[in-house]
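Have a look at the structure below, then the notes.
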Amino acid sequence: MNKTAINDFNEIVTGRRSIRNYNPDVKISREEMAEILEEAALAPSSVNLQPWRFVVIDSKEGKETLAPLAKFNQRQVQTSAAVIAVFVDMKSEEYIETIYNTAVEKGYMPAEVRDQQVPAIKGLVEGMSFEQKKEMNLIDAGLVSMQLMLVARAHGYDTNPIGGYEKDRIAKAFNLDKERYYPVMLISIGKAADQGYKSVRLPVDTITEWK
């Protein structure tokens with residue numbers, strides 16, 4: 001990685017702020033939002049099951065539906081270009097053959113590797129309890145969510161992850177099967193109306209042990 005690329009990446013990471021007040025006049029086209037999500041979805045996932053699912057709430061009606069479910073985050077809901085609801089699909093294994101067949105078709109994987117891995121992964125997932133599968137999926141959802149926020153910043157937008165909302169009601173509110181789609185977080189996205197503020201991080205020596 002050249003020095004310019006390193007500096008650009010460093011600015012994306014160190015310059016990110018959790019923004020709660022956005023410029024309401026700034027919109028993000030659905031074409032660009034799709035590009036942001038496509039880049040975010042390059043994040044790694046357990047056995048490449050890609051369990052993340054997104055609901056992009058960018059319409060007036062969608063935000064009106066979301067507002068009572070995120071009572072303590074009204075500024076983000078009202079002023080952001082969109083709020084992205086991140087879910088995990090608790091039946092993401094239904095896509096395993098599509099994923100691995102496509103990998104073979106594109107020349108990313110030999111057919112014999114697919115033929116070995118698909119049955120093994122199916123057996124692994126079938127042997128998991130609901131809680132084990134949820135734990136695995138939540139790790140993957142955390143990876144894609146952080147990547148989404150960094151990708152958004154690379155596109156020139158700001159974000160804020162939101163955990164305080166009515167998780168038990170949001171799937172049904174947006175016509176999703178709440179038994180299948182488990183809510184992870186909301187991510188507001190748009191152009192900051194103010195600079196936000198820096199936050200303190202514990203030093204590496206405090207959070208790291210060397211062995």
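Note: hydrogens, waters and symmetry copies are ignored here, and every other heavy atom, side chains too, is used. Residue indices begin at 1 and follow the sequence shown.
- Two residues are said to be in side-chain contact when any heavy atoms from C-beta on lie closer than 4.5 Å; I189 and V83 fail this criterion.
- By the rule that hydrophobic residues join a cluster once side-chain heavy atoms approach within less than 4.5 Å of another member, W52 and L49 end up as members of separate clusters.
- Sorted by first and then second residue, the salt bridge (charged side-chain N to carboxylate O under 4.0 Å, His left out) pairs involving residues 144-157 (not counting sequence neighbours) are E11-R153, R153-D158.
- Applying the side chain to side chain donor-acceptor pair (under 3.5 Å) criterion to D177, with sequence neighbours excluded, gives no partner residue.
- A 6.0 Å sphere centred on CD of E38 holds no more than 12 heavy atoms belonging to other residues, nucleotides or ligands.
- Taking the side chain as every heavy atom from C-beta outward, V88 and Y181 never approach each other to under 4.5 Å.
- Using a 4.5 Å heavy-atom cutoff, the side chains of I57 and I84 are not in contact.
- The hydrophobic cluster containing L176 does not contain L37, counting ILVMFWY residues as joined when their side-chain heavy atoms lie under 4.5 angstrom apart, directly or transitively.
- The heavy-atom pair separating G62 from F174 by the smallest distance is O-CZ, 3.7 Å.
- By the 4.5 Å heavy-atom criterion applied to side chains, W210 and T208 are counted as neighbours.
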Run the side-chain donor-acceptor check on residues 161-169: report pairs under 3.5 Å with partners two or more places apart or on a different chain.
unit_1	atom_1	unit_2	atom_2	d
Y165	OH	M185	N	3.2
K167	NZ	V184	O	3.4

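- Between atom CD1 of residue I28 and atom NZ of residue K191 there is a gap of 9.0 Å, rounded to the nearest 0.5 Å.
- Between A141 and S145, the shortest heavy-atom contact is O-OG, 2.8 Å.
- Scanning all heavy atoms of the two residues, the minimum distance from T159 to A152 falls at CG2-CB, 3.7 Å.
- The closest donor-acceptor contact from the side chain of K178 to the backbone of P183 lies at 3.5 Å or more, if one exists at all.
- Two residues are said to be in side-chain contact when any heavy atoms from C-beta on lie closer than 4.5 Å; N73 and L186 fail this criterion.
- Looking at S92, its side chain never comes within 3.5 Å of a backbone N or O of P51 through a donor-acceptor pair.
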All N/O donor-acceptor pairs, side-chain side in residues 114-128, below 3.5 Å, sequence neighbours left out:
unit_1	atom_1	unit_2	atom_2	d
R114	NH1	N101	OD1	3.2
K122	NZ	E97	OE2	2.6

**Request:** Step by step, work out the side chain to side chain donor-acceptor pair (under 3.5 Å) result for R201 and S199.
**Result:** CA-CA 7 Å; R201 291 294 182 269; S199 55; 2.8 Å; yes
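- With sequence neighbours excluded, the residues forming a salt bridge (Lys or Arg N to Asp or Glu O under 4.0 Å) with D58 are R30, listed by chain and number.
- For E32, the CD atom counts as densely surrounded, since its 6.0 Å shell holds more than 12 non-hydrogen atoms of other residues, nucleotides or ligands.
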**side-chain contact (heavy atoms from CB on, under 4.5 Å) assessment of Y100 paired with V113** = CA-CA 9 Å; Y100 280 75; V113 172; over 6 Å; no
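- The neighbour count for F72 CZ, taken as heavy atoms of other residues, nucleotides or ligands under 6.0 Å away, does not exceed 12.
- With respect to E131 and K133, no salt bridge is recorded, no charged nitrogen being found less than 4.0 Å from a carboxylate O.
- Atom NZ of K63 sits about 11.0 Å away from atom CD of Q74, to the nearest 0.5 Å.
- With E35 contributing its side chain and E31 its backbone, the two residues share no donor-acceptor pair below 3.5 Å.
- Note: the hydrophobic cluster containing L148 does not contain L143 (ILVMFWY, side chain heavy atoms under 4.5 Å, direct or indirect links).
- Distance alone, capped at 3.5 Å, places no donor-acceptor pair between the Q78 side chain and the R75 backbone.
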**Request:** Check the pair K211, E209 against salt bridge (Lys or Arg N to Asp or Glu O under 4.0 Å), reporting the backbone distance first and the verdict last.
**Result:** CA-CA 6 Å; K211 303 293 186 182; E209 293 188 13; 3.1 Å; yes
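- Minimum heavy-atom separation, A111 to V104: CA-CG2, 4.0 Å.
- Going from atom OG of S188 over to atom CE of M149 covers 9.5 Å, rounded to the nearest 0.5 Å.
- Note that CD1 of I96 and CG of N48 are 9.0 Å apart. Values are rounded to the nearest 0.5 Å.
- Counting non-hydrogen atoms of neighbouring residues, nucleotides and ligands closer than 6.0 angstrom, the NZ atom of K134 exceeds 12 such neighbours.
- Follow the hydrophobic side-chain contacts under 4.5 Å out from M33 and you never reach V55; the two are in separate clusters.
- Classification of E94 and R180 as a salt-bridged pair holds, one side-chain N sitting under 4.0 Å from a carboxylate O.
- Note that CZ of R53 and CE of M90 are 12.0 Å apart. Values are rounded to the nearest 0.5 Å.
- Counting Ile, Leu, Val, Met, Phe, Trp and Tyr side chains that sit under 4.5 Å apart, directly or through other members, I139 stands alone, with no cluster partners.
- To the nearest 0.5 Å, atom CG of residue L66 and atom CD1 of residue I170 are 5.5 Å apart.
- No side-chain heavy atom of Y182 sits less than 4.5 Å from a side-chain heavy atom of D89.
- Between the side chain of Q50 and the backbone N or O of S45, no donor-acceptor pair lies under 3.5 Å.
- A 6.0 Å sphere centred on CZ of F54 holds more than 12 heavy atoms belonging to other residues, nucleotides or ligands.
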**Asked** side-chain contact (heavy atoms from CB on, under 4.5 Å) between T102 and T98: does it pass, once the steps are laid out?
**Response** CA-CA 6 Å; T102 302; T98 298; 4.3 Å; yes
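- Under the 4.5 Å side-chain heavy-atom criterion for grouping Ile, Leu, Val, Met, Phe, Trp and Tyr, L138 is not connected to M136 through any hydrophobic cluster.
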